[in-house]
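See structure below.
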Amino acid sequence: MTPPLTDERIFEVVRRIPPGHVATYGQIARLVGRPRGARRIGYALHRCPSGLPWHRVINAQGRISLPADSTSGLAQRRRLSEEGIVFISGRIDLDRYGWDDAAN
DNA sequence: CGTGTGACGCGAG
DNA sequence: CCTCGCGCCACAC
């Protein structure tokens, strides 16, 4: 009887991702108690409030899940770069920049 | 109500 | 590396 997962619940977790680090959709899903609800995360982020560090959320392959040529896609990549995150062949090394939520 | 649709994930081939 | 399929969750029609 799990209650409906609200967007706010998701945003709370996203807000905890420290600058210079990234989290995956699946990771956020697990943190809110929906191990297989990764899709739900993307749905919520698509309509997230301003001020939320949405750019720190990427997919499990370390890639940005937005069209590379889209306005938001380019913005995400730029903002991550500004935080010191390095892209290698359009990909982010999760072992290095992945947010270690367990220790937080 | 049934159906479609994602800023997803993961295993197979 | 790539594509296909299926599971998943909430929501718009």
Side-chain angles (χ1 to χ4, degrees):
Chain A
M1 309 310 289
T2 56
L5 176 57
T6 63
D7 286 348
E8 191 49 46
R9 187 84 181 302
I10 294 172
F11 300 151
E12 274 180 43
V13 175
V14 175
R15 273 191 279 268
R16 297 191 352 234
I17 305 172
H21 290 268
V22 294
T24 67
Y25 296 93
Q27 182 179 4
I28 302 297
R30 286 194 298 281
L31 291 175
V32 296
R34 290 294 186 295
R36 283 159 289 292
R39 280 192 110 145
R40 172 80 189 78
I41 309 303
Y43 191 86
L45 257 48
H46 189 249
R47 43 193 288 86
C48 70
S50 59
L52 192 86
W54 59 270
H55 58 284
R56 302 196 186 119
V57 184
I58 61 178
N59 62 36
Q61 296 141 58
R63 309 173 125 296
I64 288 176
S65 285
L66 286 168
D69 55 353
S70 66
T71 304
S72 47
L74 290 170
Q76 179 168 22
R77 176 161 182 155
R78 183 173 57 71
R79 297 177 74 172
L80 288 174
S81 295
E82 291 176 343
E83 294 189 353
I85 292 175
V86 178
F87 285 76
I88 297 177
S89 297
R91 212 178 313 143
I92 294 172
D93 182 354
L94 291 176
D95 289 325
R96 179 174 173 182
Y97 302 106
W99 174 36
D100 189 353
D101 55 89
N104 272 273

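Letters A, B, ... are given to chains in the order of the sequence lines, protein chains preceding strands, and every chain is numbered from 1. Remember, predicted model here, so these are calculated numbers, not experimental data. What you see below is based on every heavy atom in this structure, not just the backbone, and it leaves out hydrogens, waters and symmetry mates.
- For the pair A:Arg91 and C:dC1, the criterion of a side-chain N or O lying under 4.0 Å from OP1 or OP2 is met.
- For A:Tyr25 and B:dC10, the OH to P distance is 14 Å, given to the nearest whole Å.
- The side chain of A:Arg36 sits closest to C:dC8 out of C:dC8, C:dA10, B:dG9.
- Within 6.0 Å of atom CZ in A:Arg15, more than 12 heavy atoms from other residues, nucleotides or ligands are found, so the atom counts as buried in its surroundings.
- Between A:Tyr43 atom OH and C:dA10 atom P the separation is 11 Å, expressed in whole Å.
- Annotation for A:Ile17 and A:Ala23: closest pair CD1-CB, 3.6 Å, computed over non-hydrogen atoms.
- At least one donor-acceptor pair closer than 3.5 Å links the side chain of A:Gln76 to the backbone N or O of A:Val57.
- Backbone-only engagement by A:Leu5 is indicated by non-hydrogen atom pairs under 4.0 Å involving sugar-phosphate atoms exclusively.
- Where A:Gln27 and A:Arg40 meet DNA chain B, the nucleotide closest to each residue was compared, and A:Arg40 sits on the side nearer the 5' end.
- When the P atom of B:dA7 is taken as reference, atom CD of A:Gln61 falls 15 Å away, rounded to whole Å.
- Distance, A:Asn59 CG to B:dG6 C1': 14 Å, rounded to whole Å.
- Closest-nucleotide positions on DNA chain C for A:Arg34 and A:Arg63 were compared, and the one nearer the 5' end corresponds to A:Arg63.
- When the C1' atom of B:dC8 is taken as reference, atom CG of A:Leu94 falls 14 Å away, rounded to whole Å.
- The distance from atom CZ of A:Arg39 to atom P of B:dG4 is 14 Å, rounded to the nearest whole Å.
- The interatomic distance linking A:Ile41 (CD1) with B:dC8 (P) rounds to 11 Å, in whole Å.
- Residue A:Leu66 places its side chain closer to B:dA7 than to any other of C:dC8, B:dG9, B:dA7.
- Listed for the A:Arg40 side chain is a donor-acceptor partner under 3.5 Å among the backbone atoms of A:Leu5.
- A straight line from CZ of A:Arg30 to C1' of C:dC8 spans 14 Å, rounded to a whole angstrom.
- Between A:Glu82 and A:Arg78, at least one side-chain nitrogen of the basic residue sits less than 4.0 Å from a carboxylate oxygen of the acidic one, meeting the salt-bridge criterion.
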